[in-house]
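Have a look at the structure below, then the notes.
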Amino acid sequence: MSEAAAEAGSTHTVEATVEQVIRTRISSALGGWYGSLETALPTVAFVVAWLVLKEVRPAVIAAAALLVVLAVVRQLVGGSWRFLGSAVFATALAAFFALRSGQAQDAFLPGILMSGAYGVGALVSILTRWPLVGFIVAIGDPDYAQRPTAWRRDEGLVRVCTRLTWVLVALFAIRLAIMAPLYLAGEVGWLGVAKIGLGWPAYLLAIVLMGMMLATGHTRQSEEELPGSRSAAGTT
């Protein structure tokens with residue numbers, strides 16, 4: 001047997017821990033720094049325009065114009081349109097609320113409501129033993145389309161994903177606790193700061209915390225191999 005074949009055979013027997021599988025799949029689901037800019041810059045444009053002009057319509061136009069610029073840049077540099085698409089949706093929803101009421105702070109109301117809904121949803125997912133992070137991990141499975149719920153057969157993975165989902169519950173609770181009072185006080189400038197700071201940077205902090213939790217864990221997979229775990233362990 002050749003050395004390469006022996007190495008391939010030995011690699012094929014590698015058994016990944018649950019933490020290794022989760023780290024690999026979460027990393028594949030995250031975007032880079034440019035994606036964070038695409039989601040944050042429309043909010044910056046809206047807040048700056050409103051602080052200068054004190055009018056909602058020009059602030060909405062400024063955010064929309066910046067999205068057009070970002071779309072042109074994305075077309076030139078290539079890559080995923082996922083974050084820009086989410087920014088377009090979020091900006092359109094915020095513009096609808098703000099233009100409908102004429103109050104700039106209402107542009108942030110959809111995000112506040114969604115944070116509350118996500119927080120409740122994440123908590124319910126824990127209580128029902130369908131932890132939200134488990135679905136994020138499952139998306140990274142090459143066989144996800146054929147077996148979208150296969151990850152729940154691994155008890156160790158469900159336990160680890162439950163602990164990680166508590167981090168998301170805390171994140172949404174903090175976001176709601178900070179932004180709701182600012183909204184009620186009509187603090188548009190601080191709402192913009194809070195939305196940006198509690199957006200991608202807060203997610204990064206949550207991911208770092210999850211990474212620390214994963215780095216210290218060594219949960220073995222169940223005897224029934226988790227679909228896609230071989231690839232996560234570096235196999236083919």
Side-chain angles (χ1 to χ4, degrees), residues 18-19 22-23 25-27 29-31 33 35-44 46-47 82-83 86-87 89-94 96-98 101 103-140 151-152 156-217 219:
V18 165
E19 287 79 8
I22 294 175
R23 282 198 300 268
R25 295 185 183 174
I26 287 181
S27 64
L30 297 176
W33 63 269
S36 68
L37 284 179
E38 287 180 325
T39 57
L41 285 179
T43 298
V44 174
F46 177 88
V47 171
R82 179 180 48 163
F83 290 99
S86 64
F89 175 77
T91 302
L93 193 60
F96 172 78
F97 274 75
S101 68
Q103 301 295 320
Q105 62 266 30
D106 283 343
F108 300 90
L109 183 58
I112 295 172
L113 294 177
M114 283 191 288
S115 292
Y118 287 149
V120 172
L123 182 59
V124 170
S125 76
I126 291 173
L127 297 178
T128 57
R129 291 185 56 76
W130 285 81
L132 183 61
V133 173
F135 291 97
I136 300 175
V137 173
I139 292 174
W151 60 275
R152 291 198 73 247
L157 188 141
V158 173
R159 288 196 303 272
V160 174
C161 287
T162 297
R163 292 196 292 268
L164 297 179
T165 303
W166 277 114
V167 177
L168 293 182
V169 172
L171 172 62
F172 293 130
I174 291 171
R175 183 181 295 172
L176 190 63
I178 292 176
M179 295 192 67
L182 292 175
Y183 168 78
L184 294 175
E187 295 287 348
V188 177
W190 283 112
L191 276 169
V193 173
K195 180 174 181 178
I196 294 171
L198 295 173
W200 187 250
Y203 275 120
L204 285 180
L205 182 60
I207 291 165
V208 169
L209 180 57
M210 290 180 184
M212 293 172 61
M213 294 168 65
L214 292 172
T216 57
T219 306

Worksheet, complete the sentence: In this structure, CG of Leu191 is separated from CD1 of Ile196 (nearest 0.5 Å) by 11.0 Å
Discussion item. On a heavy-atom basis, which atom in Pro42 and which in Ala87 lie closest, and how many Å separate them?
Written reply: CG-CB, 4.5 Å
Worksheet item: Taking Arg175 for the side chain and Ser115 for the main chain, is one N or O donor matched with an acceptor at less than 3.5 Å?
Response: no
Fill in: Met213 and Val167, any side-chain heavy atoms less than 4.5 Å apart
yes
Worksheet item: Are Leu209 and Leu205 side-chain neighbours, meaning at least one heavy-atom pair lies under 4.5 Å?
Response: no
Discussion item. If you define the side chain from C-beta out and look only at heavy atoms, does anything of Trp130 sit under 4.5 Å from Trp151?
Written reply: yes
Worksheet entry | Value rounded to 0.5 Å, distance of CG in Leu164 from CH2 in Trp166 | 13.0 Å
Discussion item. Once rounded to the nearest 0.5 Å, what's the spacing between atom OG1 of Thr91 and atom CZ of Phe96?
Written reply: 15.0 Å
Item to complete: Search all heavy atoms of Ala104 against all heavy atoms of Val188 and return the closest pair with its distance.
Response: CB-CG2, 3.8 Å
Fill in: Heavy-atom closest pair, residues Pro110 and Phe97
CG-CD1, 3.5 Å
Worksheet item: Which atom names give the shortest non-hydrogen contact between Leu198 and Met179, and what distance separates them?
Response: CD1-CG, 4.1 Å
Worksheet item: Going from CZ on Arg152 to CG on Leu157, what distance comes out if it is rounded to the nearest 0.5 angstrom?
Response: 11.0 Å
Discussion item. To check you understand the geometry: which heavy-atom pair defines the closest contact between Leu176 and Pro181, and what is its length?
Written reply: O-CD, 4.0 Å
Worksheet item: Which pairs with one or both residues in residues 121-135 pass salt bridge (charged side-chain N to carboxylate O under 4.0 Å, His left out), sequence neighbours excluded?
Response: Arg129-Glu155
Discussion item. Testing Ile126, Val124, Thr165, Leu123 one by one against Leu132 for a side chain to side chain contact (heavy atoms under 4.5 Å, CB included), which residue passes?
Written reply: Thr165
Discussion item. Side chain to side chain contact (heavy atoms under 4.5 Å, CB included) for Leu182 and Phe108? Distances and angles first, verdict last.
Written reply: CA-CA 10 Å; Leu182 292 175; Phe108 300 90; over 6 Å; no
Worksheet entry | Closest approach of Ala122 to Val169 (non-hydrogen atoms, all atoms of both residues) | CB-CG2, 3.6 Å
Item to complete: Would you check if the distance from the ring center of Phe172 to the ring center of Tyr118 is below 6.0 Å?
Response: yes
Worksheet item: If we only count heavy atoms from C-beta on, is the Leu168 to Met210 side-chain gap below 4.5 Å?
Response: yes
